[in-house]
Each structure stands twice: as structure tokens, then as C-alpha cells.
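A short write-up of the structure that comes next.
Indexing begins at 1, ligand by ligand and atom by atom, following the structure's order.
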Amino acid sequence: MGKLFVISAPSGTGKTSLIKSVLEDPVSSNTKLGISCTTREKRPKEENGISYFFISKREFEEKVNNNNFLEYAEVFGNFYGTPKDWVLSILSKDENVILELDTQGALQVKKAFPDTKTIFIIPPSYEDLSKRLKLRAQDSNEEIQRRLKEARKEINIGKDFDQIIVNNNFDDALDDLKKFMFSDESLSEKRSEANKNSLNLLLD
Ligand code: 5GP
């Protein structure tokens, strides 16, 4: 069986870029990223079947009733679900799977498969997160405030994940991620401390 990883992070933390870099690295040659189904509207640069499978609410409900999802959740008013058969077929071929889920989804997967490695990426501070969300220029001010509020909730759940990684410096965060996922080495003391201290700052 391959390994199952679930990576969560508050929106704007750089999770997607980190995962992209992990997948481009030869260390992850045996690893695939899950593609979820969602009822949210497709964004301009997204493609059906690559970013997500964009489906209607009715199709989503049908999949829920047919038990097609490993987990599903409502995030920011839209539904997201992980196709179960796909994940199980990849794992049974001894390949690893990365799922990029919200914290509710991560907990559901961990409950169903306790061997799942859960990873939570955190921003160095709420100020930094707010800056990144604004720079991304993807959301309205109101939406940014909503995402920041949601971030606090997510951090309260994500604090108990198997590995916390602060994305202050991208390369450090990427190193931590690759080390945790693909090597038996533990993170350096310096990085473990940095991750712990950043989390404590966000929890205060
Ligand atoms: P976005 O709409 O910005 O792509 O994603 C919003 C949130 O939904 C992100 O936190 C993302 O990780 C999460 N998400 C994406 N796919 C799934 C899924 O299949 N299940 C769950 N629970 N969350 C998902």
C-alpha cells in the first residue's frame, strides 16, 4: 500500500505552490495528487479534470448518496468531495497520494484511515496572511475578512495534525515537507522550534 498524505492550510498560506514544488521534485515520482469534485464555479485559469471536477449540486448529491466520496465537506458555501475509488486504486498500486483538503476533510480521512499523515501549513502571522490574501487580488475585501476569520478556526483544528510547517521562507517549508513525507529523518531542531513558535504565536 502507498502512503496517504493530507495537507491542509488556511487559504493564502501558499499550500498549493508548496505541493506543486513537491510534485515537481524527483523524490515524489511515486506520488499523485488527488483531484476533488466541487460544486464551486470554475475560476478563469482552472480546467475541468485538472484543478477539480466541476459538477452540479445535483451530481454531487448523487455521489454522496452512492457513497462515492472518501470524505466531503462544505467550504465557503461550496461542496467539495474526494473520489474514493481513485484514491484506493492508487494506494493499492503502492503509489502515494496527496490530498489537499480543508481541516474537516482531513479529520474525516484520518478517522477512516488512521495511518494517514496529516500536515498543516501555517502562515508566520495573521498580518502576513492578510497581506498575501490582498496581494493575490482574487477576493473582495469582505471575502478576505471572511477567510481570515476562517483561518483562526482552521488553525485551532490544524494544531493537532501530525506535522505543522510554517511557510515563512518557501525553501525551508519545502524542505520540511519533503523530509516529513519522504525520509525517515526528523526535522532539524531549528526548524522544529520555528514551527512550534509560529504556531504558538497564532494560537495566542
Ligand atoms: P478552493 O475553492 O480555494 O480551491 O478550495 C477551498 C478549500 O477547499 C481549500 O481549503 C481546499 O483545500 C479545500 N478542498 C479542496 N478539495 C477538497 C475536498 O475534496 N474535500 C475537502 N474537505 N476540502 C477540499
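Nearest approach of Gly105 to Asp102, heavy atoms of both residues: N-OD1, 3.0 Å. Smallest separation of non-hydrogen atoms from Ala9 and Ile121: CB-O, 3.4 Å.
Hydrophobic cluster of Leu187: no remaining members, since no ILVMFWY side chain lies below 4.5 Å from it. Hydrophobic cluster membership of Leu99, counting Ile, Leu, Val, Met, Phe, Trp and Tyr whose side-chain heavy atoms lie under 4.5 Å apart directly or via other members: Met1, Leu4, Val6, Leu70, Trp86, Val87, Leu88, Ile90, Leu91, Val97, Leu101, Val109, Phe113.
For the side chain to side chain contact (heavy atoms under 4.5 Å, CB included) test, residues two or more places apart in sequence or in another chain that qualify with Ser130 are Lys134, Leu148.
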List, pair by pair, the atoms of ligand 1 and of the protein that are both N or O and lie under 3.5 Å apart, giving the separation rounded to 0.1 Å.
from	atom 1	to	atom 2	distance (Å)
ligand 1	2 (O)	Arg40	NE	2.6
ligand 1	2 (O)	Arg40	NH2	3.4
ligand 1	2 (O)	Tyr80	OH	2.4
ligand 1	3 (O)	Arg43	NH2	3.1
ligand 1	4 (O)	Arg40	NH2	3.0
ligand 1	4 (O)	Tyr52	OH	2.5
ligand 1	5 (O)	Tyr52	OH	3.4
ligand 1	12 (O)	Lys15	NZ	2.8
ligand 1	12 (O)	Glu100	O	3.3
ligand 1	16 (N)	Ser36	OG	3.2
ligand 1	19 (O)	Ser36	OG	2.7
ligand 1	19 (O)	Glu71	OE2	3.4
ligand 1	19 (O)	Gly81	N	3.4
ligand 1	19 (O)	Gly81	O	3.4
ligand 1	19 (O)	Thr82	OG1	3.4
ligand 1	20 (N)	Glu71	OE1	3.4
ligand 1	20 (N)	Glu71	OE2	2.7
ligand 1	22 (N)	Glu71	OE1	2.9
ligand 1	22 (N)	Asp102	OD1	2.7
ligand 1	23 (N)	Asp102	N	3.2
ligand 1	23 (N)	Asp102	OD1	3.4

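The aromatic rings of Phe69 and Tyr72 sit tilted relative to each other, their planes meeting at an angle between 30° and 60°.
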